[in-house]
Structure formats: structure tokens, C-alpha cells
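Since the model is a prediction, treat every value here as computed from it, not as a measurement. One is the number of the first residue; the rest follow in order along the sequence. Heavy-atom basis, side chains included; hydrogens, waters and symmetry copies ignored.
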Amino acid sequence: KAVVSTQSTGVKYEDLQEDSRREITRIVRFLGREDTDEAIARIADKTSFKKCKAKELFVSHDAKEESFLRKGVVGDRLNYFNEKDAEVMKKIKDDVYEKLGL
């Protein structure tokens, strides 16, 4: 059985882009771990958007799509989603946050 915890933390893509080491450190501490600066740097490097895209970790198995990843540019969603899409996504986010007590 899955264990559901009321503890959660959020991660914003924009924050990861701004300072991935800071955000990874925050996540690691949330998980109750203390890692060295070298380990955090290694995690940041191996999980960077550029490295993940190069390794094709997020390739779709659907013939219609080449990859689940777009450009990795903050704000690029505006090139794909219209105002209605944004409203739907905000509602989903708000519902999830409410259920998590955030």
C-alpha cells in the first residue's frame, strides 16, 4: 500500500533555472538528508535540462511527439498555451494545492 504523507514541498521550474543548486539543496534537506556541496553539484549537473534533453530521457513513445520536453526556457509556455489553457492549468494547480494544504 502507498503511504500518503501530509508533508510536501513545491518546486518551481523558474527557481530551478535561477539556482538549481539552491533548490536541490532545499529538496535534499526536505527529505531529511545532508549532502556535500560536491554531491549537490553532481546532482545539479546530471539533472540539468540540457543533459536530460541530450540523453533523451523524456522521449515520447507516441509517434506524434518527438520529446516531452520543449525548449527549457522560462516563459516558453506562452508559445504553446492560450489564456483558456492557462485557466485550466491554474484550476488544477489550485485544486492540488488545496488538497495538500498549501
Side-chain angles (χ1 to χ4, degrees):
K1 288 185 172 182
V3 177
V4 178
S5 172
T6 57
Q7 291 183 329
S8 64
T9 191
V11 181
K12 290 177 25 182
Y13 181 76
E14 291 82 358
D15 293 341
L16 282 170
Q17 288 294 93
E18 181 182 299
D19 190 343
S20 61
R21 288 183 186 188
R22 177 193 67 217
E23 290 303 298
I24 291 167
T25 300
R26 190 175 62 78
I27 294 164
V28 165
R29 289 191 179 141
F30 172 79
L31 295 172
R33 293 190 45 136
E34 291 291 330
D35 281 316
T36 64
D37 289 340
E38 293 81 19
I40 298 295
R42 197 169 47 254
I43 293 167
D45 178 59
K46 290 181 184 258
T47 60
S48 72
F49 183 86
K50 186 175 181 179
K51 289 253 176 130
C52 289
K53 188 151 180 137
K55 291 180 182 177
E56 298 183 350
L57 296 178
F58 297 95
V59 174
S60 171
H61 298 288
D62 182 344
K64 296 180 221 169
E65 295 291 331
E66 190 174 301
S67 172
F68 290 113
L69 301 178
R70 293 192 312 261
K71 296 177 190 172
V73 176
V74 172
D76 187 47
R77 70 185 182 284
L78 300 174
N79 294 317
Y80 295 87
F81 301 111
N82 61 33
E83 195 67 33
K84 185 176 180 183
D85 295 329
E87 289 173 16
V88 169
M89 294 304 290
K90 183 181 182 321
K91 174 144 179 33
I92 292 169
K93 178 207 52 117
D94 290 346
D95 289 347
V96 169
Y97 278 23
E98 183 179 337
K99 287 177 183 173
L100 294 173
L102 300 174

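- Every residue was checked against the salt bridge (charged side-chain N to carboxylate O under 4.0 Å, His left out) condition with Glu83, not counting sequence neighbours, and none meets it.
- Residues meeting the salt bridge (charged side-chain N to carboxylate O under 4.0 Å, His left out) test with Lys12, sequence neighbours left out: none.
- The side chain to side chain donor-acceptor pair (under 3.5 Å) search around Asp35 returns Arg33, not counting sequence neighbours.
- Asp45 places no side-chain N or O within 3.5 Å of a backbone atom of Arg42 that could act as its donor or acceptor partner.
- Taking Glu87 as the reference, nothing meets the side chain to side chain donor-acceptor pair (under 3.5 Å) condition, with sequence neighbours excluded.
- By the side chain to side chain donor-acceptor pair (under 3.5 Å) test, Lys84 is found to be paired with no residue, residues two or more places apart in sequence or in another chain being considered.
- In terms of the side chain to side chain donor-acceptor pair (under 3.5 Å) criterion, residue partners of Lys90 (sequence neighbours excluded) are, by chain and number, Asp94.
- Contacts of Arg21 classified as side-chain contact (heavy atoms from CB on, under 4.5 Å), with partners at least two apart in sequence or in another chain: Asp19, Ile40, Ala41, Ala44.
- Under the salt bridge (charged side-chain N to carboxylate O under 4.0 Å, His left out) criterion, Asp37 pairs with no residue, sequence neighbours left out.
- Residues forming a salt bridge (charged side-chain N to carboxylate O under 4.0 Å, His left out) with Arg26 (at least two apart in sequence, or on another chain): Glu23.
- Note on Phe30 and Leu16: same hydrophobic cluster, where clusters join Ile, Leu, Val, Met, Phe, Trp and Tyr whose side-chain heavy atoms are under 4.5 Å apart, directly or indirectly.
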